[in-house]
Amino acid sequence: MDAATPATQAPDPAILHTESKKTRRLIIASYWIVILLAIPLWWSTTSIERQSLPTANVLAQQERELVFPVRVHLDTSRYGGVENTILVQEVQRQLDSNRDLSEAQEMRVQILSEPSNGDTYQVSLSRGAREPAVQGRQLSLDVQTDDQSSPTVLAMQLADTIVTLLAPYTAARGSQTERVVKYAPRYRLAFTLLNEDSASGNAALTWDIRASLSKHIAPLLERLSVLHNFTVESQVQYHAPLAFDPQIVYSQDRTEYGLTQEDLTVFVNSAEWTLSSSVSNDPVLHFVLFIPSQQHSPLHILDERGHSIASTAFVLPQWGGIVILNRPSPIVSRHLAASVLDAAFVTFRYQLKALLGVPALPSHVHLADASFDGAGITDWQLDALLRRRAVENVVGTQETLQSIVRLVDQIEGMPVGLDVKSDVLGALNALEKVYAAASASSARAAQSAGAAFSLASRAFFNPGMLALLYFPPEHKYAVYAPLFASSAAPLLAAILREVLAWRRARKARNRGEHQADTTGRQKVE
Amino acid sequence: MRLVKIIYLLGLCFYQLASAATEEQFDEELTLRPLRDGKLAARFSLTTLLKGSTPRSPESLGLDDASQHYTLFPLALGQILREYAVTEMHLTLNAGKWNYEGWGYPEEAGVGTGGELWAWMGDSGTVTVDERWKGLRNALAGLFCASLGALDEQRTTSPALTFRPEGHLPNGTASHQLRHATLPSEHVCTENLTPFLKLLPCKSLSGIASLLNPHRLFDADWHGLGVHVRYRSGMGVEVRLAFQAVFDPVRYSTERRRDWSFHSVFGRVVRMACPVARSSLVRVRLPESSYALAPVPTNVVGDYAVYDVTNTSQPLDVELRWPEEHAFQYPLGSDLMPLTPLSIRRSLKGSSQYTAQLAIELKNNLPVEIQTSYLETMPWLLQFELHTLKLHSNAVPRDDLVEIVTYTPSVPHARPSLLQAVLTLPPKATLQLTMDVMKPFLRYTEHPPDAQRGWDLPPAVFLPFSFGEGNYSVAHTHDDRDTGAHRAGDREPQGLAPHAQAPVEARAQRMYTPVLLVDLATPDFSMPYNVIIMSCTLVALIFGSVLNLLTRKLVIVRVGDAKTQ
C-alpha cells in the first residue's frame with residue numbers, strides 16, 4: 001500500500017493508456033456489424049432467381065374441364081311422319097343416356113327443333129331409300145316410307161348416327177389412336193421416291209411430284225390449316241437398299257417377294273436412307289414411295305398366314321406412310337407421271353389423315369357426291385378433330401403446368417426466371433381463351449389450346465432451369481468453408497472472451513465494491 | 001426437246017445432246033494425274049446443277065419458304081442453303097500438307113490443312129449475316145459430323161480480297177458479305193465422308209463415286225473433301241462435291257513400282273454407271289515416259305486420255321503401267337524445278353513464352369516479277385506487332401516491296417486479326433518477311449483439352465495475281481462464268497499457253513502455307529483449387545492475428561512484485 005502514494009501523482013505503469021474496455025468492445029462490435037450488414041449483400045449476390053409461379057391458379061386448372069356446346073337442328077319438314085317436337089325430345093333423351101357421349105365428356109349436345117344461327121349442325125329427315133349423306137355440317141337421312149316404326153326406334157337410329165358423327169373417337173381405340181402424331185403447330189411433310197436400286201433397270205428416275213401434291217395433298221393441307229401449318233419437301237433417292245432380304249413367295253406361275261409383319265417394323269433402313277432433315281425442330285412425317293429392285297419385284301405385304309394381300313401400303317405409327325410401287329416390266333418410262341402416281345397419292349392422303357387423327361366417316365354414312373373438295377373432310381369430321389385436339393392440348397397444358405409447379409416446389413435450388421414465369425402466365429391466359437372460345441368456335445378454341453400447349457412446353461423445357469444441376473450449393477460451400485470457418489473462429493473466440501470477462505466483472509461487483517479494482521485488473525486468459 | 005450446247009474439256013469442245021426437260025443435272029468426273037515423285041493425284045468432282053433456281057433472297061427470311069422439291073440436288077444441303085440464304089459457300093476438310101513444289105497446283109484450290117469454311121451471304125434487315133453464319137456453321141457441323149461449330153467469332157474474318165466469289169452474286173438485291181473461318185486442328189475421317197457420300201444421287205454404289213472407298217482414301221498421303229456451292233447466273237445453283245487425294249502406288253506395290261490400277265489404288269472398279277448422271281468421265285494424264293494404258297480410252301484430248309463411262313455396262317478398271325521401269329527411282333530433290341511460280345516457307349521462331357517471330361520465306365521461281373496478295377487470319381493467340389514487319393530481298397532490306405492493304409488488329413478473347421498485304425517479288429528473288437508476335441496469356445477455361453500440345457494456327461494464303469509484263473499469260477481458275485464453259489475447261493494450262501512446255505505454270509490460284517503450332521504458357525490445371533485453399537488460409541491467418549491484436553487485453557505483469565511477495 002506504500003506504492004499507492006506515488007501512483008496518484010504519476011500514471012500507473014501497470015495500466016496501458018491504449019487499453020480501454022470500451023474501445024475493445026467497439027472494435028468487436030464493429031466487426032460483427034460489418035459482417036451482419038454484409039450478409040444481405042452476400043445473400044442477394046449468391047442466391048438464385050426464383051420468380052413466384054401462380055401455383056394456386058395452376059392447381060385450380062385441374063378441376064376445370066373443357067365442354068363444347070353442340071347444337072343440332074333436327075329438320076323433319078320433309079318427313080312429316082312424326083311430330084317434330086316429340087322426335088326432338090326423344091332424340092335428346094337418347095343422347096343424354098348415350099354411354100359413348102358421356103364417356104367422351106367433351107361436349108354437351110342439344111337438339112333443336114328450330115334452326116339457330118352460329119355453327120349449328122343440321123339433320124334433315126326425308127323419305128327415301130338413299131344412304132345417309134353428309135355435306136358440310138348437314139346430314140341427310142332417309143327413312144323408308146313403308147317403315148311405320150315408332151318415334152322411339154327412329155330416335156334411336158337418329159341418335160346413333162349423330163353420336164358416331166360427333167364423337168368418332170370413342171369407337172376407335174388402341175392402335176387407331178396410337179398412330180396419331182403428337183400435336184405440333186407445324187409439321188414437315190417429306191415425300192421421298194425411293195428406288196431400291198436404280199441401276200437394276202426398273203427404276204423411276206423422276207416423278208411429277210408438284211402436280212400430284214397440288215391435286216391430292218394441297219386441298220387437305222388447306223382444310224387443316226386452322227390447326228396446323230405444313231412445310232412440304234420432296235426428294236428422290238436412287239439407291240435405298242433394304243436392311244433385310246424379303247421372303248420368296250411362289251404364287252401360281254411366278255415368283256413374288258413378300259414382307260412379313262415383322263419385316264414391316266424394320267422396313268425403314270435409317271442407316272442407309274437419308275430421309276430426315278436437321279434444319280428445324282418441327283416433327284417430320286415421312287411419305288415414302290418405294291420401288292423395289294428388279295430382283296425383288298413384285299414385292300407384296302404378307303398377312304399372318306403368309307399370303308400376300310392386295311394392299312401394298314402401310315402406316316408406321318407416328319412416323320409416316322409407305323407405299324410400295326411395283327412397276328410393270330418392261331418399263332415404259334423412267335418418269336412417273338401424275339396419272340401413275342394418283343393411286344399412291346390417294347393412299348398418302350389417307351395415311352396423312354390417319355396420322356393427323358382425322359376421323360373416318362362411319363361406314364354407313366357417305367359423303368354427298370357434290371361436296372368433294374379434294375380434301376374429303378366434312379365439317380363434322382373437322383369439328384370432331386378440332387374438339388379432340390383442343391381437349392388433348394388443354395389436358396396436356398394442365399399436366400405440364402402442374403409438373404412445372406411440382407418440380408419447382410420439390411427442387412429448391414432450381415432457378416425460375418422471368419421467361420419461365422411469363423410462359424406459365426401466357427399458358428394460363430391462353431387456357432382462359434380456350435374456355436371462352438369453346439362455346440363460340442371450336443377452331444379458335446383449338447388454336448388457343450395449341451398456343452397454350454406450346455407455351456407450357458417451352459416453359460417446361462427452359463434450359464435456364466437446369467443451371468443449378470451443374471453447380472449445386474454443396475460446391476459453393478466447399479469453396480467457402482476454408483475461408484469462412486477459419487476466419488470465424490477468432491471472431492467467435494473474441495466475443496466469447498469478452499462476454500466471459502463481462503460476466504466475471506459483474507459477479508465481482510456484486511460480491512464487494514472494494515474488491516472490484518483487483519478483479520478488474522486480473523488477467524483474463 | 002431443245003439442244004443444249006455444252007462445252008467440254010480443254011480448249012477443244014464437243015457437243016452433247018441433252019434433254020432440256022431435266023431441271024437438274026448431275027455430272028461426275030475423275031481426274032488422275034501421275035506425279036513425278038511416283039505418287040498419283042486423284043480428284044473426284046461431282047457436280048449437281050439446279051437449273052433455273054436462284055439463291056434465296058435474304059429479305060424473304062422472315063416469310064415461309066417455298067416448298068423444296070429436288071430429284072438430284074441433295075435435300076439436306078439444299079435446306080441449309082435456303083434456311084440461311086447462302087449465296088455461295090465453300091467447305092473443305094483436308095488432312096496433310098500439299099507439296100506445291102513437287103505436285104504442282106492442286107485441281108482443287110482449297111488445300112489448307114484442317115477445316116475451312118467461307119460463305120458469301122446477302123445483307124438483310126430481317127436476320128443479320130452473323131446470325132446466319134452462326135446457323136450455317138452449326139448446321140454444317142451437324143451435317144458433316146465435323147466440329148465446325150467451333151468456327152466462332154474468335155476465328156471469323158472477312159478477307160474479301162483473297163476469297164472472291166467463284167460464281168455470281170445475284171444483282172439487284174442487297175450487297176453481299178463474306179465470312180471466312182479456318183479450323184486447322186480439325187481431322188478429316190470416315191465420319192465426314194459418310195454424310196458426304198449421302199449427298200450424292202448415286203451414293204457410292206454406282207458410277208465413278210463408287211471408287212470412293214474410305215479404307216483407301218484415308219490411307220492416302222494427302223486427302224481432303226470439299227463442298228462448293230455457287231450461283232451461276234443464267235444457269236442455276238450448283239453444288240460441287242469434290243474429293244482430292246494423293247496416293248502412293250510405290251508404297252502399295254511389293255516390287256516398288258509406280259504402276260497403278262483402279263483396283264490397286266481404290267480397291268474397287270467402276271462396275272456400273274450411275275443412271276442419273278448426265279456425264280461420267282475418267283481423265284488420265286498421260287506421262288511423258290513410255291507407258292502402257294489399258295483398256296483403250298474412249299478419246300485422247302491433249303495430254304489426257306478420257307474414258308466415258310456414262311453408259312457403260314462393262315466394269316472399268318483403268319491401269320497405267322511403266323513397262324520399261326523395274327523399280328521406281330525417286331528423283332533427287334536438287335535436280336528438280338519447282339512446279340509453282342512461288343515457293344513458300346513459313347515458320348514461327350523463338351523459344352520464349354511471351355514473344356516469337358513469324359518468318360516467311362518466299363521464292364520467286366520465274367524470271368519475271370510477281371505480285372501476290374498475302375493473307376494472314378490469325379486468332380488472337382498470336383498478336384502481331386506490325387511495326388516490326390521487315391522485308392529482305394536477298395538479304396537486302398526492301399520494305400518497299402510490301403504494301404499493307406488492310407489490317408484489323410485482334411481483340412483478346414474476342415476477335416482474330418486480319419492482315420492483307422500485297423508483296424512484289426523481283427525476278428528469281430527470295431524474299432524474307434519477318435514480324436515479331438506476342439503470345440498472350442490465356443484464361444484458365446480457354447485452354448483446350450490436351451493443352452500441352454499447343455495450338456494449331458491457320459495457314460497463310462497467297463494469291464499471285466500478276467506475272468511480269470505480259471510474258472506470262474495467267475490462267476484464271478474461276479473465270480469460266482463469262483464463257484459458261486464446263487469448269488474443267490479452263491483448268492488446263494496447255495490450252496492457252498505458249499509456255500506449255502515450261503515446267504512452271506503461272507496461275508492465279510490460292511496457295512496455302514502449312515499450318516503452324518504455337519506453344520502457349522499452360523498452367524498447372526490443379527492450380528485453382530490449391531490457390532483457393534492457400535489464399536483462404538493466408539487470409540484467415542492475417543485476419544485472425546489482426547483481430548487478436550485489436551481485441552486482446554494487454555496488461556503489464558510486474559515480475560519484481562511477484563518476487564518480493
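Quick note: numbers below take in every heavy atom, side chains included, and nothing from hydrogens, waters or symmetry partners. Proteins get letters first, then strands, A, B, ... in listed order; numbering begins at 1 in each.
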Hey, is [atom1] on [X] packed in by over 12 heavy atoms from elsewhere, all under 6.0 Å?
X: B:K198; atom1: NZ; result: yes
X: B:N530; atom1: CG; result: yes
X: A:Q295; atom1: CD; result: yes

Answer with side chain, backbone, both or neither: which region of B:L550 has an atom nearer than 4.5 Å to a non-hydrogen atom of chain A? both
Would you mind checking which part of B:D64 comes under 4.5 Å of any heavy atom in chain A, side chain (CB onward), backbone (N, CA, C, O), both or neither? side chain
Look up atom [atom1] in [X] and atom [atom2] in [Y], then write down how far apart they are to the nearest 0.5 Å.
X: A:W207; Y: B:T71; atom1: CH2; atom2: OG1; result: 10.5 Å
X: A:S198; Y: B:K203; atom1: OG; atom2: NZ; result: 9.5 Å
X: A:E498; Y: B:T551; atom1: CD; atom2: OG1; result: 8.0 Å
X: B:Q79; Y: A:T231; atom1: CD; atom2: OG1; result: 9.0 Å
X: A:H239; Y: B:L205; atom1: NE2; atom2: CG; result: 5.5 Å
X: B:Q68; Y: A:R188; atom1: CD; atom2: CZ; result: 7.0 Å

Contact residues of residues 537-547 of chain B (partner chain A; heavy-atom separation under 4.5 angstrom): B:V539, B:A540, B:F543, B:G544, B:V546, B:L547
Evaluate the side-chain contact (heavy atoms from CB on, under 4.5 Å) criterion for residues B:E24 and A:T206: first the C-alpha distance (whole Å), next the side-chain angles of each, then the deciding distance (0.1 Å), finally the verdict. CA-CA 10 Å; B:E24 294 167 41; A:T206 51; over 6 Å; no
Check each atom of A:R25 against the heavy atoms of chain B and say whether the ones under 4.5 Å are side chain, backbone, both or neither. neither
Can you give me the closest heavy-atom contact between A:L483 and B:C536, atom names plus distance? CB-SG, 3.5 Å
In terms of heavy-atom pairs under 4.5 Å with chain B, the winner among A:L491, A:I209, A:I28 is A:L491
Between A:F230, A:F191, A:Y31, the one whose heavy-atom pairs under 4.5 Å with chain B are most numerous: A:Y31
